[in-house]
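Here's the structure, in structure tokens; my notes come after.
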Number of protein chains: 2
Amino acid sequence: MEKLDQVLFFTLEKSIKTYRQFAQRQIDKAGIDITIDQWLVLKSIQDWPDISQHQIAENVFKDFASVTRMIELLVKKEYLQREFHKTDRRRFNLIITKKGQAVIQKVIPVITANRKQALKSLTKAEIENNKVFLNQIIENCKPE
Amino acid sequence: MEKLDQVLFFTLEKSIKTYRQFAQRQIDKAGIDITIDQWLVLKSIQDWPDISQHQIAENVFKDFASVTRMIELLVKKEYLQREFHKTDRRRFNLIITKKGQAVIQKVIPVITANRKQALKSLTKAEIENNKVFLNQIIENCKPE
DNA sequence: GTACTTTTGATGACATATCAACTATAATTG
DNA sequence: CAATTATAGTTGATATGTCATCAAAAGTAC
């Protein structure tokens, strides 16, 4: 098999893993009790009030079961509250608490700095090209 | 913050996740009882006889604890055997069983096909450029 | 030769991912 | 209106990732 192919997927894996570890380290250093993914979930809820958990899962590209568990943890951390939905008893309203709002805001500059550092010396054109390339992989791997 | 930056990391994450899910589906379809990562671990042992678990962890870019657990599962699946190391009682010899050898061989064409499909319509130059880009991210995110 | 440091690998506890199965509720069909 | 189908979310079991801690054994320093 082509060595380059195999090395590419390994590098893809390593790059996102390295970025996530780096990003999480910075968040921990800032003394904030949240993971990157939890923040993404909270951000999703903030950006789309009245969002369903299914929709959150799609937005952040995660399994329904994982999202349920993450929401459970966010409730436990008091960043989120579950309320009964007004009209649909299958659903919950997910309300970001004041504590949750504060955490979202506190993390934003850390994440901005993380991304800036991660993309140091990479041009907008290179970033755009890379995105197009990755989207092609996503397209190629979709189930029929 | 730059929207493009944020979208890039999301796309990076989504692309590797989509690839892994696709690749695992193909392995399952082929009726082979192994995960991509388990295969990588086995392959590492095959390529470097007498390798230590620490070295395996570095090769496949995984946590020591994760590698220990994966090896435990590979032993349980009878793809691997642990033997006492000849000269160093802290270590084990990891022996690939016949069953393990067979599985490694059986998976290779599936993985080759997976990669080929994932990289459909992407040129060698694009692949090479992407690798260089991703390696820059890895470099940027390394601990000091 | 002893004390100290480093290495090797395991384990516990917790978080997340995956797959499958489940319950309750809403929507649709005839 | 009742039966059926679809949706929303949960839960169990298992695999992997992370962090911290541990014990045993090898290596190093004096």
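Below, read A as the first sequence line, B as the second, and so on, with proteins coming before strands; counting in each chain starts at 1. Everything quoted here is computed from the prediction, not taken from an experiment.
Considering only residues two or more places apart in sequence or on other chains, A:Glu58 meets the salt bridge (charged side-chain N to carboxylate O under 4.0 Å, His left out) condition with none of them. Residues satisfying the side chain to side chain donor-acceptor pair (under 3.5 Å) test with B:Asp28, not counting sequence neighbours, are B:Gln24. Every residue meeting the salt bridge (charged side-chain N to carboxylate O under 4.0 Å, His left out) condition with A:Lys62, not counting sequence neighbours, appears here in chain and number order: A:Asp37. For A:Arg89, there are no salt bridge (charged side-chain N to carboxylate O under 4.0 Å, His left out) partners, not counting sequence neighbours. B:Lys120 pairs by the salt bridge (charged side-chain N to carboxylate O under 4.0 Å, His left out) definition with nothing, not counting sequence neighbours. Residues passing the side chain to side chain donor-acceptor pair (under 3.5 Å) test with A:Ser121, sequence neighbours excluded: none. When the side chain to side chain donor-acceptor pair (under 3.5 Å) test is applied to B:Asn135, no partner is found at least two apart in sequence or on another chain.
Within residues 10-17 of chain B, the residues that place at least one heavy atom under 4.0 Å from DNA chain C are, in residue-number order, B:Lys17.
Note on B:Gln24: nothing from the nucleic acid sits closer than 4.0 angstrom, heavy atoms only. Contact annotation for B:Asp63: base contact, defined as any heavy-atom pair under 4.0 Å involving a base atom.
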Pairs under 3.5 angstrom, nitrogen or oxygen only, protein versus nucleotides 9-12 of chain C, please.
from   : atom 1 : to      : atom 2 : distance (Å)
C:dG9  : OP2    : B:Gln53 : N      : 2.7
C:dG9  : OP2    : B:His54 : N      : 3.2
C:dA10 : OP1    : B:Arg82 : NE     : 3.3
C:dA10 : OP1    : B:Arg82 : NH2    : 3.0
C:dA10 : OP2    : B:Gln53 : NE2    : 2.7
C:dA10 : OP2    : B:Thr68 : OG1    : 3.0
C:dG12 : N7     : B:Arg69 : NH2    : 2.8

Nucleotides 3-5 of chain D: which of its N/O atoms have a protein N/O under 3.5 Å away?
none

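Annotation: ring pair (Phe, Tyr, Trp, His ring centres under 6.0 Å) contacts involving residues 60-117 of chain B, sequence neighbours excluded, comprise B:His54-B:Phe64. Annotation: salt bridge (charged side-chain N to carboxylate O under 4.0 Å, His left out) contacts involving residues 92-102 of chain B, sequence neighbours excluded, comprise B:Glu78-B:Lys99.
As a whole-Å value, the separation of A:Lys86 NZ from C:dA26 P is 15 Å.
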